[in-house]
Amino acid sequence: MNYREYADKVRGCYFGKNIGGTLGAPFECWRGVYDIDGFMQDISSPVPNDDVDLQLVWLSAVEHEGKNIDSHVLAKYWETYVSAVISEYGAGKNNYAMGILPPLSGYIRNENRESNGAWIRTEIWACLCAGNPALAANYAYYDACVDHSGEGIYAAVFMAAVQAAAFFESDVNKLIKIGLSYLPESCGVRNAVDLVMNCYQNGDDWKTARKKLLIAEPSSFGEICGEWKGTAEVTACSKCPVQEKDGDIPKAVHGYDAPASIGIVLIGWLYGGGDFGKSVCLAVNCGEDTDCTAGSLGAILGIIQGASALPDKWVKGCSEKITVCSLRTDEMLNVPKTVSELCERIVKLFPVVSSARCDFSGNEFEIIRAENFEYTEQKNVFQIHKQEDFRELLAESPNTVRFHFTGLTVKVRFDESLVRIRENQEKKITVTFSNGYFCPQFLTVRIHGIPQEWNLKDGAERAVGLEQWHSCQVNYSNTLDLVFTPDLLRKAKYEIVLEISVNGRGEKYFVPFTLLNGNC
């Protein structure tokens with residue numbers, strides 16, 4: 001794929017995202033079955049969309065930090081620029097402000113952790129990792145765990161992998177298979193995908209598939225506003241009539257929304273037969289989180305078809321201007337004024353993020369697809385100069401916080417009580433150090449912030465030796481346990497810092513984390 005093809009697909013991605021998000025905006029949070037076939041509201045002015053807003057923060061992060069970003073870098077940008085304090089967005093911000101780091105920030109005291117705020121913002125990772133779904137899934141994990149956990153992360157990983165692969169693959173069944181290959185064997189997102197595919201293959205119509213989906217994987221999104229009755233923006237009519245309650249659909253667990261929403265994306269995609277307008281309208285016609293489902297489906301179809309092949313009816317019917325609704329802006333964030341400007345800036349970053357997949361020839365570059373779209377198990381979990389094993393990341397979440405330094409990865413694993421401590425109850429935190437160099441290292445680790453009366457076993461200063469990575473025949477990781485019994489708890493929050501000195505290098509790294517005394 002050459003530069004022009006790639007740029008056209010990136011534009012198609014965000015034009016499709018903008019169209020679908022605008023189309024579904026009036027019906028968000030309502031439950032119903034509709035028959036719309038076009039925009040139902042006044043679209044003379046641009047419609048703000050948090051699904052795109054949040055990606056502008058990640059754009060700034062990559063522009064300033066490059067490709068070596070992780071959940072900690074993204075969390076800093078999130079805290080600085082995301083002004084929204086509702087739902088999972090606010091929970092993630094509140095946790096991070098307390099010193100609770102990702103992936104714990106997305107889990108603790110967050111009843112919306114399995115909702116839709118993460119999978120709706122994966123397009124930027126797909127575009128920056130075109131043809132490399134494993135890398136896109138890795139970045140999607142770093143992104144999602146800032147304010148989500150469980151199904152909220154699984155949905156983001158699935159969507160990022162599908163969208164990245166869609167730059168080179170157009171067959172819907174193959175793309176779904178690729179996305180599923182990145183998920184755990186048992187999860188709600190996989191259940192939703194399998195159910196919708198079975199309905200389609202067995203000849204059920206889309207309305208039957210929708211109902212079966214909401215019975216099997218209930219969503220709380222359509223319960224927010226309830227059955228559609230019409231609004232001042234869009235009044236009830238023959239295309240979106242007043243709805244009656246369907247007693248067969250059970251009440252959902254609040255915040256458990258991602259599986260059903262991914263299922264609705266697939267209903268639109270499969271039953272729409274690849275037709276852009278029909279597909280995004282079907283996603284909206286299923287109700288629930290309509291701007292997100294139609295927006296993300298529009299992005300997938302836009303990648304496959306490219307902007308040049310999208311119907312003029314839809315492209316010209318939707319404003320290209322970007323207006324933000326959930327960000328604190330400044331010159332560093334540098335919000336793009338239009339969708340086209342956003343796409344131009346993303347395209348410029350592709351060689352930065354995916355340089356291993358990019359060959360240059362004069363003023364052009366050519367993108368090489370990954371050798372194998374589907375994930376294959378690797379014997380060596382830690383691979384130097386490559387993305388981390390996203391399946392290990394998923395398996396560790398939310399108990400383990402990772403820190404990435406030059407030549408060193410540090411993992412802090414909490415016990416079953418996570419960051420909570422209790423008077424006279426033993427606490428164990430396991431810290432793992434992985435060597436990223438082809439030479440051995442010695443570390444000196446000093447533990448700060450644990451009161452003396454807590455009786456930290458083995459003392460507050462430890463030596464950790466790391467064997468060299470070369471030839472992969474030895475264990476290049478080592479661990480130490482922080483075991484102590486909290487006593488005389490006087491504070492609500494205890495801030496612990498591991499100070500890591502690398503012998504002979506003059507380097508010091510710092511690993512902070514917070515322990516909480518109370519009901520957290």
Side-chain angles (χ1 to χ4, degrees), residues 20 24 30-34 113-116 118-120 122 137 148 150-163 165-166 171-223 243 245-274 278-290 292-297 300-301 374 394:
W30 291 93
R31 177 155 292 170
V33 179
Y34 315 118
R113 58 180 175 251
E114 296 185 294
S115 193
N116 296 339
W119 66 263
I120 62 175
T122 56
H148 288 78
E151 302 295 340
I153 292 178
Y154 302 152
V157 167
F158 174 84
M159 190 63 71
V162 167
Q163 291 169 336
D171 183 88
V172 58
N173 292 308
K174 291 181 179 178
L175 285 170
I176 291 171
K177 183 180 178 183
I178 289 166
L180 289 176
S181 73
Y182 291 78
L183 295 184
E185 288 301 317
S186 177
C187 67
V189 173
R190 181 182 289 275
N191 292 342
V193 171
D194 289 342
L195 184 149
V196 171
M197 292 189 71
N198 287 335
C199 287
Y200 182 72
Q201 292 164 359
N202 292 336
D204 291 336
D205 61 29
W206 69 267
K207 294 179 182 179
T208 301
R210 168 196 173 271
K211 184 168 180 176
K212 287 183 177 180
L213 172 66
L214 291 178
I215 291 173
E217 296 287 344
S219 169
S220 68
F221 230 93
E223 297 172 355
Q243 303 288 309
K245 185 176 179 62
D246 188 336
D248 294 333
I249 298 175
K251 184 172 178 58
V253 175
H254 178 73
Y256 186 83
D257 304 309
S261 296
I262 294 296
I264 289 174
V265 171
L266 263 63
I267 289 175
W269 194 0
L270 290 169
Y271 288 89
K278 181 180 179 181
S279 298
V280 294
C281 285
L282 277 174
V284 175
N285 287 336
C286 288
E288 309 300 312
D289 195 0
T290 46
C292 295
T293 53
S296 291
L297 177 55
I300 294 172
L301 297 174
E374 294 188 37
L394 290 179

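FYI, the numbering just counts along the sequence from 1.
Of the possible donor and acceptor atoms, none in the side chain of Glu114 sits under 3.5 Å from a partner among the backbone N and O of Ala258. A donor-acceptor pair is defined here as one N or O able to donate and one able to accept, closer than 3.5 Å; no such pair exists between the side chain of Glu217 and the backbone of Ala192. Remark: side-chain polar atoms of Asp246 are paired, donor with acceptor, to backbone N or O of Asp248 under 3.5 angstrom. A donor-acceptor contact shorter than 3.5 Å is absent between the side chain of Arg31 and the backbone of Gly287. A distance-only check finds no donor-acceptor pair linking the side chain of Ser220 to the backbone of His254 [under 3.5 Å]. Of the possible polar contacts, none joining the Arg113 side chain to the Gly152 backbone as a donor-acceptor pair under 3.5 Å is found.
In terms of heavy-atom proximity, Ile176 sits nearest to Phe158 at O-CE1, 3.9 Å. For the pair Tyr256 and Gly188, the tightest heavy-atom approach, listed with the atom from each and the gap, is OH-CA, 3.6 Å.
The distance from the CG atom of Leu270 to the CH2 atom of Trp206 is 14.0 Å, given to the nearest 0.5 Å. How far NE2 of His148 is from CG of Asn116: 7.0 Å, rounded to the nearest 0.5 Å. Taking NZ of Lys251 as the start and CD of Glu223 as the end, the distance is 4.5 Å to the nearest 0.5 Å.
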| request: Quick one: do Trp269 and Leu175 satisfy side-chain contact (heavy atoms from CB on, under 4.5 Å)? Show the steps, please. | output: CA-CA 11 Å; Trp269 194 0; Leu175 285 170; 3.8 Å; yes
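Judged by distance alone, the side chains of Gln163 and Thr122 do bring a donor and an acceptor atom under 3.5 Å apart. When only modelled atom types and interatomic distance are considered, Gln243 and Tyr34 share no side-chain donor-acceptor pair under 3.5 Å. No donor-acceptor contact under 3.5 angstrom links the side chains of Asp289 and Ser261, judged on distance only.
With Tyr271 as the partner, the side chain to side chain contact (heavy atoms under 4.5 Å, CB included) test is satisfied by one option alone out of Cys199, Cys286, Ser279: Cys199. Of the listed residues (Leu213, Asp257, Ile264, Val253), just one forms a side chain to side chain contact (heavy atoms under 4.5 Å, CB included) with Ser219, and that residue is Asp257.
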